[in-house]
Amino acid sequence: MTRPERGSSVQAPGQIGLPPVLQRPDLPVRARLTAGSAVTLWIVRPSWLWRRELAALAVLVAVAVAGWLARGWLGGLLAAGWLASSVALIPWTRHRAVRVWRRGRLRRHWDRACRYASLTTVNDRIPRIRKARTVPAGDRLLVRVPRGATVGELEAEAERVAAVLRVREVRVVRDLDRADFAYVDVVRRDPFANPRDPNVSDPIPWPWVGGGQRSLRDPIPVAVDDMGDEITMRLEGKNILLGGEPEAGKSAALSLLLAAAALDPTCEIWGFDAKRVELAMWRPVMTRLVTNDTDEAISTMEDLIKEMDRRYELLESAGRRVLAPQDAPIILMPVDELRFFTAHTDKKAARHFNSLAVDLVARGRAARIIAALATQKPSSDVVPTSLRDLVALRWGMRCNTRDASDTIMGAGMASNGFDCSDIDRRTRGVGLLHAEGSMPRRCKSYYLDDNEIRDIVARGAALRRLTAGDGWV
């Protein structure tokens, strides 16, 4: 009787059928390090990563040798010192040298992080940096993955790469046009935190604060994202919902939309202000302003619906579907503290206001009527779901709970990492803006103080007086 081979399974006496399969792990195989691979691993690859520094050192040595051959060793030292001092003292050469050194250092650290994260392919290739630029929060990279790899693999190892780089976070977003390209954000610091005083968040001035006439048809600068890029918003044809806890920055964000509308002399502003103070400064540029009076609010909403129906009748008679700018002006309808009108103690008046608001938001976009709704918590008892679901743009400031965040940003957003309750309480004006693009972006809104608002209102009123002959104002 022959003995069974090692590793094979033996069938027990009386057992019927195939024997059980024994599972064993694969044995690791270590390739031999040849002379060629050793040269590549320890000489060629590090030299390539240091190529810029080595090239600069070669130029310095060549200048020193030329000086030494011409005037001896003292001449060589003087020539090398002259070259080094020229690079260090001339601003544009100094800045370029520092930039080249920073990029080389970034590429070396990135190479090491990718190799520690096991992102190498079978032929020892890693995701390579194609472009890099410095931003307030760190670095923004354009990375190309090698053949045989995917952007998903890089995204899955982002936490490991961040740990090797010793940074706060690494974010990976695939390029929509090229599957082998990815945008990588290396977040080193919080750009919204004050390094001098962590309890103070410095305001960011609005770019249009000192400008002239504007148009709501143009992209409006509203915030700066956490990588230092400006965020703009197009309001025409859209509605926006702003939510968050008190003192989170909702009114400051709403004032930016009002400022853009004030600088557009063709825009009409129909405001609703339950607190009587948030929109009071904008009264000189407003067509109508409603305070904490539900009957007046309902009457104003009915007038807006009449204006909307008149504009649709104009389109019907003209045989068109879209209003042109010369047909009718844009109407901005800012509502501060929406809860007062939608959840009023007078239930009948609240239901009437809600039905009018749903009709206006649902049909008003094509009639060039824009609703900007601000409230502390747009839950179903404050804002009807039928109204909230019609709003395309969402801007969520700091919230107390994940559920409150989801009521602003949309169901399931907190589970996907877009949670307004994670925002630091000390950073007023920081929130998640779901506007241009497919995903919300963490940003900090621009800020207008009272003096800047007065100046913008004065200029807006003057622009309206100048354009009063157009028949719109």
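Position 1 is the first residue of the sequence, and the numbers go up from there.
With a 6.0 Å radius and a threshold of 12 heavy atoms from other residues, nucleotides or ligands, Lys131 has its NZ atom at or below the threshold. The environment of Phe181 atom CZ is dense: over 12 non-hydrogen atoms of other residues, nucleotides or ligands sit within 6.0 angstrom. Heavy-atom contacts from other residues, nucleotides or ligands closer than 6.0 Å to OH of Tyr116 number 12 or fewer.
In plain terms, the two heavy atoms of Val222 and Leu256 that are nearest each other are O-CD1, 3.2 Å. In terms of heavy-atom proximity, Tyr447 sits nearest to Ala252 at CD1-CB, 4.1 Å. Looking at every heavy atom in both residues, Ile220 comes nearest to Trp208 through CA-CH2, 4.0 Å. The minimum heavy-atom distance between Arg320 and Asp327, with the atom names listed, is NH2-OD2, 2.9 Å. Heavy-atom minimum distance, Ala97 versus Val87: CB-CG1, 4.0 Å. Of all heavy-atom pairs between Phe418 and Pro440, the closest is CE2-O, 3.5 Å.
The CZ atom of Arg368 lies 8.0 Å from the CD1 atom of Ile370; values are rounded to the nearest 0.5 Å. Between the CE atom in Met301 and the CD1 atom in Ile298 there is a gap of 9.5 Å [rounded to 0.5 Å]. A distance of 8.5 Å separates OG in Ser421 from CD1 in Ile423, rounded to the nearest 0.5 Å. Taking CD1 of Ile369 as the reference point, atom CG of Asn239 lies at 10.0 Å (rounded to 0.5 Å). The line from CD1 of Ile456 to CG of Asn451 is 11.0 Å long, rounded to the nearest 0.5 Å. Taking NE2 of His434 as the reference point, atom CG of Leu241 lies at 13.0 Å (rounded to 0.5 Å).
Considering only residues two or more places apart in sequence or on other chains, Arg99 meets the side chain to side chain donor-acceptor pair (under 3.5 Å) condition with none of them. Among residues two or more places apart in sequence or in another chain, the side chain to side chain donor-acceptor pair (under 3.5 Å) test is passed with Asp175 by none.
The backbone N or O of Thr342 lies less than 3.5 Å from a partner atom in the side chain of Asn354, making a donor-acceptor pair. At distances below 3.5 Å, not a single donor-acceptor pair connects side-chain atoms of Asp185 with backbone N or O atoms of Arg140. Under a 3.5 Å cut-off, the side chain of Arg94 and the backbone N or O of Ala88 do form a donor-acceptor pair. Side chain of Ser405 to main chain of Cys420: a donor-acceptor pair is present (N/O by atom type, distance under 3.5 Å, no hydrogens or angles). No donor-acceptor pair under 3.5 Å is formed between the side chain of Arg464 and the backbone N or O of Ala461. Ser299 contributes no side-chain N or O that, together with a main-chain N or O of Asp295, makes up a donor-acceptor pair within less than 3.5 Å.
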- prompt: Which is it for Leu360 and Met308 under the side chain to side chain contact (heavy atoms under 4.5 Å, CB included) test, yes or no, and what are the steps along the way?
  reply: CA-CA 8 Å; Leu360 187 65; Met308 177 181 65; 4.1 Å; yes
field: Step-by-step side chain to side chain contact (heavy atoms under 4.5 Å, CB included) determination, Arg394 to Ile240
entry: CA-CA 6 Å; Arg394 307 290 181 94; Ile240 182 171; over 6 Å; no
- request: Apply side chain to side chain contact (heavy atoms under 4.5 Å, CB included) to Glu452 and Asp449, showing your working.
  value: CA-CA 5 Å; Glu452 291 171 338; Asp449 60 28; 3.1 Å; yes
Evaluation steps, side chain to side chain contact (heavy atoms under 4.5 Å, CB included), between Leu373 and Leu242: CA-CA 6 Å; Leu373 313 176; Leu242 302 95; over 6 Å; no
- request: Report the C-alpha separation of Thr291 and Arg276 in whole Å, then their side-chain angles, then the decisive distance to 0.1 Å, and conclude whether the side-chain hydrogen bond (donor to acceptor under 3.5 Å, both in side chains) test is met.
  value: CA-CA 5 Å; Thr291 55; Arg276 303 179 65 94; 3.2 Å; yes
message: Applying salt bridge (charged side-chain N to carboxylate O under 4.0 Å, His left out) to Arg311 and Glu307, what does each step give before you reach the verdict?
response: CA-CA 6 Å; Arg311 295 184 177 193; Glu307 173 63 19; 2.8 Å; yes
Evaluation steps, salt bridge (charged side-chain N to carboxylate O under 4.0 Å, His left out), between Asp226 and Arg171: CA-CA 12 Å; Asp226 56 1; Arg171 305 172 190 159; 2.6 Å; yes
task: Kindly indicate, with the supporting measurements, whether the criterion salt bridge (charged side-chain N to carboxylate O under 4.0 Å, His left out) is fulfilled by Asp111 and Arg115.
output: CA-CA 6 Å; Asp111 181 276; Arg115 296 187 186 280; 3.0 Å; yes
field: Criterion salt bridge (charged side-chain N to carboxylate O under 4.0 Å, His left out) on Arg45 and Asp124, from CA distance to verdict
entry: CA-CA 11 Å; Arg45 193 170 69 192; Asp124 200 42; 2.7 Å; yes
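The aromatic rings of Phe272 and Phe353 sit perpendicular, their planes meeting at an angle over 60°, well past the 30° parallel limit. Taking the six-membered ring for Trp and thresholds of 30 and 60 degrees, His344 and Phe340 have ring planes more than 60 degrees apart, a perpendicular arrangement.
Taking the centre and axis of the six-membered ring of Trp101, the NZ or CZ atom of Arg52 falls outside the cone set by 45° and 6.0 Å. Relative to the six-membered ring of Trp110, Arg107 misses at least one condition, a distance below 6.0 Å or an angle of at most 45° to the axis.
No side-chain heavy atom of Leu432 sits less than 4.5 Å from a side-chain heavy atom of Arg441.
Applying the salt bridge (charged side-chain N to carboxylate O under 4.0 Å, His left out) test to residues at least two apart or on different chains, the pairs with a partner in residues 281-291 are Arg288-Asp303. Within the structure, no pair that satisfies the salt bridge (charged side-chain N to carboxylate O under 4.0 Å, His left out) test touches residues 250-266, not counting sequence neighbours. Sorted by first then second residue, the salt bridge (charged side-chain N to carboxylate O under 4.0 Å, His left out) pairs that include residues 349-367, not counting sequence neighbours, are Asp309-Arg363, Asp359-Arg363.
The pair Glu236-Lys238 fails the salt-bridge criterion, with no side-chain N (NZ, NE, NH1 or NH2) lying under 4.0 Å from an Asp/Glu carboxylate O. Comment: Asp346 does not engage Lys348 in a salt bridge, judged by the lack of any side-chain N to carboxylate O separation of less than 4.0 angstrom. Contact check on Asp406 versus Arg402 returns no salt bridge, with no Lys/Arg side-chain nitrogen under 4.0 Å from an Asp/Glu carboxylate oxygen. Using a 4.0 Å cut-off between a side-chain N of Lys or Arg and a carboxylate O of Asp or Glu, Glu313 and Arg310 do not qualify as a salt bridge. Taking a cutoff of 4.0 Å between a charged side-chain nitrogen and a carboxylate oxygen, Arg234 and Asp218 do not qualify as a salt bridge. Ion pairing between a basic and an acidic side chain is recognised when a charged N comes within 4.0 Å of a carboxylate O; Arg442 and Asp419 show no such pairing.
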Please list, one pair per line, the donor and acceptor atoms closer than 3.5 Å that link side chains of residues 151-160 to other protein atoms, with sequence neighbours excluded.
| unit_1 | atom_1 | unit_2 | atom_2 | d |
| --- | --- | --- | --- | --- |
| Glu157 | OE1 | Arg160 | NE | 2.7 |

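Only one option out of Arg103, Arg102, Arg108 pairs with Glu53 in a salt bridge (charged side-chain N to carboxylate O under 4.0 Å, His left out); it is Arg108.
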